Peer 1: 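One structure follows; several queries about it will come next.
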Amino acid sequence: MGVALRVIACLDVKDGRVVKGVNFTGLRDAGDPVGMARSYGEQGVDELTFLDISASEQGRRTTMQLVTRCANTVFIPLTVGGGVRTVDDVDALLRHGADKVSINTAAIADPSVIGTIADRFGNQVVTLSLDARREAGQPSGFGVTTHGGSRAAGLDAVEWARRAVDLGAGEILLNSMDADGTTAGFDLEMIEALRDAVDVPLVASGGAGTADHFVQAARAGADAVLAASVFHYGRLTIAEVKDALRAAGFEVR
């Protein structure tokens with residue numbers, strides 16, 4: 001029996017509320033994060049990802065109180081990101097209920113922080129959040145962005161993923177900035193490129209609109225599929241996605 005493919009719901013949080021837009025712009029309110037976490041737990045989601053999307057841009061840490069309230073609401077793995085810069089930040093998040101910590105902007109500024117965190121807490125705690133978009137000047141055709149997709153990092157996405165894994169990242173959360181919120185489908189070429197480059201679990205994010213889109217992402221090599229707007233606004237349920245994956249031959253919980 002293989003490892004079950006995970007279905008993950010993402011809570012993008014700004015100013016204490018879950019928000020969602022298209023390509024990280026035009027954000028609109030989607031609800032209360034604690035209530036939504038509870039609902040997703042009841043629906044049978046495998047994991048939750050909580051991203052404080054304005055923390056890095058505002059130069060602050062993730063809101064710990066909300067993390068604790070969400071963690072106390074669900075009994076599934078919780079990945080938390082946003083404003084994570086140091087080992088102490090990670091320690092605080094784990095103490096407040098996170099199971100894994102997602103790091104993006106700070107890892108690009110100082111890649112050694114990945115290894116420092118992994119050495120102290122284990123590789124399984126470190127998720128590299130990779131916000132990537134198509135960029136003609138990069139060898140793979142995909143470039144890295146930071147600060148919620150607002151700044152180009154000048155890095156090739158595939159090469160950065162390889163380096164991060166070598167440094168100690170235990171998982172890659174790959175978010176297509178071009179596809180984010182469009183509901184037009186995952187960027188399958190990007191998923192395939194990253195799958196060929198790294199051997200750690202790969203979470204595909206950005207663009208889900210139909211149940212078949214999740215199947216396509218799994219076929220492209222994703223170990224987990226993550227979505228926000230299609231779940232938040234009732235376009236799809238967790239059960240519908242799992243049924244589609246199961247029907248396509250993938251093992252799910």
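No hydrogens, no waters, no symmetry mates; every other heavy atom, side chains included, goes into these values. Quick caveat, the model's predicted, so the values are computed rather than measured.
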Peer 1: For a quick test of reading the model, state the closest non-hydrogen atom pair linking Phe186 to His213 and the distance between them.
Peer 2: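 Closest heavy-atom pair between Phe186 and His213: CD1-O, 3.3 Å.
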Peer 1: List for me each residue that meets salt bridge (Lys or Arg N to Asp or Glu O under 4.0 Å) alongside Glu240, sequence neighbours excluded, and say none if there are none.
Peer 2: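 For Glu240 there are no salt bridge (Lys or Arg N to Asp or Glu O under 4.0 Å) partners, ignoring immediate neighbours.
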Peer 1: Mind checking salt bridge (Lys or Arg N to Asp or Glu O under 4.0 Å) for Glu135 and listing every partner two or more places apart, or none if nothing turns up?
Peer 2: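 With sequence neighbours excluded, Glu135 shows a salt bridge (Lys or Arg N to Asp or Glu O under 4.0 Å) to no residue whatsoever.
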Peer 1: Of all residues at least two apart in sequence or in a different chain, which pass the side-chain hydrogen bond (donor to acceptor under 3.5 Å, both in side chains) check with Gln216?
Peer 2: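 Listed in chain order: Asp212.
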Peer 1: Taking side-chain hydrogen bond (donor to acceptor under 3.5 Å, both in side chains) as the test, write out the residues that go with Arg253, two or more places apart.
Peer 2: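 With neighbours one apart ignored, the set is empty.
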Peer 1: Please check if the side chain of Asp180 supplies one atom and the backbone of Gly206 the other of a donor-acceptor pair under 3.5 Å.
Peer 2: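 Not at all, since once roles are kept as given, no pair shorter than 3.5 Å links the two residues.
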Peer 1: Nearest 0.5 angstrom please: Asp88 CG to Ile117 CD1, how far?
Peer 2: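 That separation rounds to 10.0 Å.
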Peer 1: For Ala248, which residues count as a side-chain contact (heavy atoms from CB on, under 4.5 Å) partner, sequence neighbours excluded?
Peer 2: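 Here the qualifying residues are Val215, Arg219, Phe250.
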Peer 1: Hey, is CD on Glu192 packed in by over 12 heavy atoms from elsewhere, all under 6.0 Å?
Peer 2: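 It does: Glu192 CD has more than 12 such atoms within range.
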Peer 1: Over 60° means perpendicular and under 30° means parallel, so tell me whether Phe231 and Phe214 are parallel, tilted or perpendicular.
Peer 2: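 The arrangement is parallel - the two ring planes meet at less than 30°.
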Peer 1: Among Ile8, Leu174, Thr49, find the one that has a side chain to side chain contact (heavy atoms under 4.5 Å, CB included) with Val203.
Peer 2: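 The residue from Ile8, Leu174, Thr49 that satisfies side chain to side chain contact (heavy atoms under 4.5 Å, CB included) with Val203 turns out to be Ile8.
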Peer 1: Is there a donor-acceptor pair under 3.5 Å between the side chain of Arg133 and the backbone N or O of Asp131?
Peer 2: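 Checking the backbone N and O of Asp131 against the side chain of Arg133, no donor-acceptor pair under 3.5 Å is found.
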Peer 1: Please name all residues satisfying salt bridge (Lys or Arg N to Asp or Glu O under 4.0 Å) with Lys242, sequence neighbours left out, ordered by chain then number.
Peer 2: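 Lys242 satisfies salt bridge (Lys or Arg N to Asp or Glu O under 4.0 Å) with Asp46 once adjacent residues are dropped.
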Peer 1: What is the minimum heavy-atom distance between Pro201 and Gly170, and which atoms define it?
Peer 2: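 Answer, listing the atom of Pro201 first, then Gly170: CD-O, 3.3 Å.
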Peer 1: Taking Ser229's backbone N and O only, do any of them form a donor-acceptor pair with Arg235's side chain (distance below 3.5 Å, no angle check)?
Peer 2: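 Not a single qualifying donor-acceptor pair exists.
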Peer 1: Rounded to the nearest 0.5 Å, what separates atom NE2 in His96 from atom SG in Cys70?
Peer 2: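 Going from the NE2 atom of His96 to the SG atom of Cys70 covers 13.0 Å.
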Peer 1: Check residues 158-166 and write down every donor-acceptor pair under 3.5 Å in which the side-chain atom is one partner and the other belongs to a residue at least two apart or another chain.
Peer 2:
{"unit_1": "Glu159", "atom_1": "OE2", "unit_2": "Arg162", "atom_2": "NH1", "d": "2.4"}

Peer 1: Taking the side chain as everything from C-beta on, heavy atoms only, tell me whether Asp187 gets closer than 4.5 Å to Ile191.
Peer 2: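 Contact flag for Asp187/Ile191 side chains = no.
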Peer 1: Give, for atom OG1 of Thr105 and atom CZ of Arg85, the distance between the pair rounded to the nearest 0.5 Å.
Peer 2: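 Between Thr105 OG1 and Arg85 CZ, I get 8.5 Å after rounding to 0.5 Å.
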Peer 1: Could you name each residue pair satisfying salt bridge (charged side-chain N to carboxylate O under 4.0 Å, His left out) that touches residues 105-127, not counting sequence neighbours?
Peer 2: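 Sorted result for residues 105-127: Asp91-Arg120.
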Peer 1: Quick one: does Leu130's side chain get under 4.5 Å of Leu194's, heavy atoms only?
Peer 2: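 Yes. Closest side-chain heavy atoms under 4.5 Å.
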Peer 1: Say you draw a straight line from OG of Ser102 to CZ of Phe50; how long is it, rounded to the nearest 0.5 Å?
Peer 2: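 Nearest 0.5 Å value for the OG-CZ distance: 12.0 Å.
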Peer 1: State, with a plain yes or no, whether a side-chain heavy atom of Leu93 is found less than 4.5 Å away from one of Met64.
Peer 2: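 Side chain of Leu93 against side chain of Met64, heavy atoms only: contact under 4.5 Å found.
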Peer 1: If the condition is side-chain hydrogen bond (donor to acceptor under 3.5 Å, both in side chains), which residues does Gln43 pass it with, not counting sequence neighbours?
Peer 2: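 By the side-chain hydrogen bond (donor to acceptor under 3.5 Å, both in side chains) rule, Gln43 matches Ser39.
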Peer 1: Side-chain donor-acceptor pairs under 3.5 Å in residues 72-80, sequence neighbours left out?
Peer 2:
{"unit_1": "Asn72", "atom_1": "ND2", "unit_2": "Thr68", "atom_2": "O", "d": "3.3"}
{"unit_1": "Thr73", "atom_1": "OG1", "unit_2": "Arg69", "atom_2": "O", "d": "2.6"}

Peer 1: Would you check, one step at a time, whether the test side chain to side chain contact (heavy atoms under 4.5 Å, CB included) holds for Phe121 with Val101?
Peer 2: CA-CA 10 Å; Phe121 302 106; Val101 173; over 6 Å; no
Peer 1: Over all heavy atoms of both residues, which pair between Gly207 and Thr182 is shortest? Give the atoms and the distance, please.
Peer 2: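 Closest approach of Gly207 to Thr182, heavy atoms only: CA-OG1, 4.1 Å.
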Peer 1: Looking only at heavy atoms, which two atoms of Gly185 and Ala179 are closest? And how far apart?
Peer 2: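 Where Gly185 meets Ala179 most closely, the heavy atoms are O-CB, 3.7 Å.
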Peer 1: About how many Å separate CD of Glu171 and CG of Leu128, when rounded to the nearest 0.5 Å?
Peer 2: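 Those atoms lie 10.0 Å apart.
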Peer 1: State which residues pass side-chain hydrogen bond (donor to acceptor under 3.5 Å, both in side chains) with Asp196; sequence neighbours excluded, sorted by chain then number.
Peer 2: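 Residues passing side-chain hydrogen bond (donor to acceptor under 3.5 Å, both in side chains) with Asp196: none at all.
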Peer 1: Out of curiosity, Asn175 CG to Asn104 CG, how far, rounded to the nearest 0.5 Å?
Peer 2: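 These two atoms lie 9.5 Å from each other.
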Peer 1: Tell me, please, which residues at least two apart from Asp223 pass salt bridge (Lys or Arg N to Asp or Glu O under 4.0 Å).
Peer 2: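 Once residues adjacent in sequence are excluded, the partners of Asp223 under the salt bridge (Lys or Arg N to Asp or Glu O under 4.0 Å) criterion are Arg195.
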Peer 1: Below 4.5 Å, heavy atoms only, C-beta onward: do Tyr40 and Leu11 meet side chain to side chain?
Peer 2: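 Answer yes - side chains close enough.
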